[in-house]
Amino acid sequence: MEKETGLNLLISREEIDNIVMSLAVRIEKDYHDKNPLVICILKGSFVFTSDLVRHLGINLEVEFIRTSSYGLGTQSCGQVKLVSDTVTDIRDRHVIIIEDIIDTGITTSFVFDYLKGRNPASLRICSLLSKPSRRKVNITIDYPGLDIPDKFVVGYGLDCAEKYRNLPEIYFIEEEETCQQD
Ligand code: PRP
């Protein structure tokens, strides 16, 4: 994919790999005998989840939930929509929510509360990235990857108006830039 101007490298492929591997080590240790259900929050987490599970040498299952809150802009509209749900019954399962990024925390908090209501045996959160300065709701990230500054980031599953999800690295976009759909 041709890189466009306005994209600034924030996290290299090597740094991402190191973060993913260190998270996998921690999760493996905690869940080696638990057959966890790893729930990927679509769409943004699909790349991170696929890398993470390939570093987990334990029995596990993968499920998907799709939410949406950002629309085509760079600011969350603050209202989370559940676009599609898991098929697997999560009751009495050890569930790990996989997020690409926690910004305001509204999406993860919504998903956490929703899943909690379905009585899993345990429920934890793993997020590759976090923007603590943007938080509007309290979230405990059990498996945190990297804290980043308040910049709009794309690549490695993260989009801007659906673009850039396929970039292997993570870039930030300048504030004044708007995301256009082609
Ligand atoms: C992004 C991201 C997180 C959420 C974080 O998803 O993947 O799920 O926003 O923001 P928050 O902490 O402020 O709620 P988005 O709603 O853009 O959908 P997408 O994953 O399909 O791009």
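Whatever order the structure lists ligands and atoms in, that order sets their numbers, starting from 1. Note that the structure is predicted; figures quoted are calculated from it, not measured.
Using a 4.0 Å cut-off between heavy atoms, Lys131 makes no contact with ligand 1 at all. By the criterion of a heavy-atom distance under 4.0 Å, the side chain of Asp100, and not its backbone, is placed next to ligand 1. The parts of Ile101 lying near ligand 1 are both backbone and side chain, judged by heavy-atom distances below 4.0 Å. Neither the backbone nor the side chain of Lys136 comes within contact range of ligand 1; no heavy atom lies under 4.0 Å.
Each of Asp147, Ile125, Thr107 was checked for a side chain to side chain contact (heavy atoms under 4.5 Å, CB included) with Ile102, and the lone residue meeting it is Ile125.
Listed by number with element, the atoms of ligand 1 under 4.0 angstrom from any heavy atom of Gly105 are 11 (P), 12 (O), 13 (O). For ligand 1, the atoms sitting less than 4.0 Å from at least one non-hydrogen atom of Thr104 are 11 (P), 12 (O), 13 (O), 14 (O), numbered in the order shown with element in parentheses. Remark: ligand 1 atoms within the under-4.0 Å shell around heavy atoms of Ser68 are 16 (O). Within ligand 1, counting atoms from 1 as listed, the ones closer than 4.0 Å to a heavy atom of Glu99 are 3 (C), 7 (O), 8 (O). Ligand-side atoms of ligand 1 in range of Asp159: 22 (O), range being under 4.0 angstrom from any heavy atom.
When atom types are taken as modelled, the side chain of Ser127 and the backbone of Leu129 share a donor-acceptor pair closer than 3.5 angstrom. For Glu169 (side chain) and Ile11 (main-chain N/O), no donor-acceptor pair under 3.5 Å exists by modelled atom type.
The distance criterion of under 3.5 Å between nitrogen or oxygen atoms is met by Gly44 with respect to ligand 1.
Taking each heavy atom of Pro144 and Arg26 in turn, the nearest pair found is CD-NH1, 3.7 Å. Contact detail for Arg135 and Asp103: the closest heavy-atom pair is NH1-O, 3.0 Å.
Heavy-atom distances between Arg134 and ligand 1 stay at or above 4.0 Å for every pair. Residue contact annotation: Thr108 has no non-hydrogen atom under 4.0 Å from ligand 1.
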List the steps and the verdict of salt bridge (Lys or Arg N to Asp or Glu O under 4.0 Å) for Glu61 and Arg93.
-> CA-CA 10 Å; Glu61 293 173 30; Arg93 297 297 304 271; 3.3 Å; yes

Stepwise side-chain hydrogen bond (donor to acceptor under 3.5 Å, both in side chains) check, Tyr156 with Asp51 | CA-CA 10 Å; Tyr156 199 68; Asp51 275 353; 2.6 Å; yes

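In this pair, His94 and Tyr31 present their aromatic rings perpendicular. The plane angle is above 60°, beyond the 30 to 60° band.
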